[in-house]
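These notes are about the structure you will find just below.
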Amino acid sequence: MKLKLEAHDLLWGMTVDCLADDAPLWVKQVLQRGDPVVVRRAITPGNQVAVGVRGQFRYQRYAAQMPRSAISRQLKPEALTHVDVDTQQFEHLAERLQTISSIMKNFSGCWGYTGSFGFELATGIKTVTQQSDIDLLIRAEQPFAKKQAIELLENFQQVGLNVDIQLQLPQGGLALKEWARNSGKVLLKRSDGAVLLENPWN
């Protein structure tokens, strides 16, 4: 069965021999440690998937391709909402995670964690700092009401959490902030590049 791979999915199984010869040393070390890579938007041959490797620091991001045949495990952002945050491992995140859950449960759609929060929940590797943005993804197969978008952002503002929410449409990714505040065209990130559209669902 061909896996359905989407932007922000975490994948395990990529090895050093998948890398270009000039890949930085830190990238090789990340893969040797067995860390997952994250699916990114780009057009690739059918047997490959575009991925990003993340290092310890924010500036350490490396774009690569991974053979589909190398994938040993796949984890979607929404699977991370079920991580047990009461364990000591995630004690330092518990308060923020509980606040996020209580806001998002009033919103009926499918959502999950991406970015440093998602990475830490998936691996247990400490990547979140007090300054880290909280990256969330909402699956939006159908048009997302602007009223609901504004309300959701206001809820997070009221509790003082800095969130970066992406709407994942069938055709690409759209920033919730942009959708909420913009009455004209918005930027939809697709595999073949970003496009400005008035109705990204159309």
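Side chains included, hydrogens not; waters and symmetry mates left out as well; all remaining heavy atoms used.
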Quiz item: Does any non-hydrogen side-chain atom of R54 lie less than 4.5 Å from one of D35?
Solution: no
Quiz item: At what distance, to the nearest 0.5 angstrom, does CD of E120 lie from CG of L93?
Solution: 4.5 Å
Self-check item: Beyond-backbone contact of R58 with Q131, side-chain heavy atoms, under 4.5 angstrom
Solution: no
Exercise. With rounding to the nearest 0.5 Å, note down the distance linking OG1 in T81 to CG in L121.
Key: 9.5 Å
Practice problem: For Y113, enumerate each residue passing the ring pair (Phe, Tyr, Trp, His ring centres under 6.0 Å) test, keeping only those at least two apart in sequence or located in another chain. | Solution: W111
Quiz item: Who else is in L137's hydrophobic cluster (ILVMFWY, side-chain heavy atoms under 4.5 Å, direct or via others)?
Solution: none
Practice problem: Rounded to the nearest 0.5 Å, what's the gap from CD on E141 to CD on Q168? Could you check? | Solution: 8.5 Å
Self-check item: Linked hydrophobic residues, F57 as query - side chain contacts closer than 4.5 Å
Solution: Y59
Quiz item: How long is the span from the CG atom in L174 to the CG atom in L197, to the nearest 0.5 Å?
Solution: 9.5 Å
Quiz item: Should V30 and Y62 count as side-chain neighbours, where that means a heavy-atom distance under 4.5 Å?
Solution: no
Quiz item: Just wondering, do Q166 and T114 contact through their side chains at under 4.5 Å, heavy atoms?
Solution: no
Exercise. Kindly write out the residues that satisfy side-chain contact (heavy atoms from CB on, under 4.5 Å) with P143, not counting sequence neighbours, or none if the list is empty.
Key: W201
Quiz item: What residues join L196 in its hydrophobic cluster, counting side-chain heavy atom gaps under 4.5 Å, either direct or through other members?
Solution: L187
Practice problem: Check whether any side-chain heavy atom of Q60 sits under 4.5 Å from a side-chain heavy atom of V53, and report yes or no. | Solution: no
Self-check item: Qualifying residue, where the test is side-chain contact (heavy atoms from CB on, under 4.5 Å) with F156 and the options are I134, L176, I165
Solution: I165
Exercise. Could you check if a side-chain atom of M14 sits within less than 4.5 angstrom of a side-chain atom of L19, using non-hydrogen atoms only?
Key: yes
Exercise. Could you grab the distance from atom NZ of K177 to atom CG of D164, nearest 0.5 Å is fine?
Key: 6.0 Å
Quiz item: Hey, mind stepping through S102 and T99 against side-chain hydrogen bond (donor to acceptor under 3.5 Å, both in side chains) and telling me if it holds?
Solution: CA-CA 5 Å; S102 64; T99 306; 5.5 Å; no
Self-check item: Residue list, ring pair (Phe, Tyr, Trp, His ring centres under 6.0 Å) with F144, at least two apart or on another chain
Solution: F107
Quiz item: How long is the span from the NE2 atom in H92 to the OG1 atom in T129, to the nearest 0.5 Å?
Solution: 10.0 Å
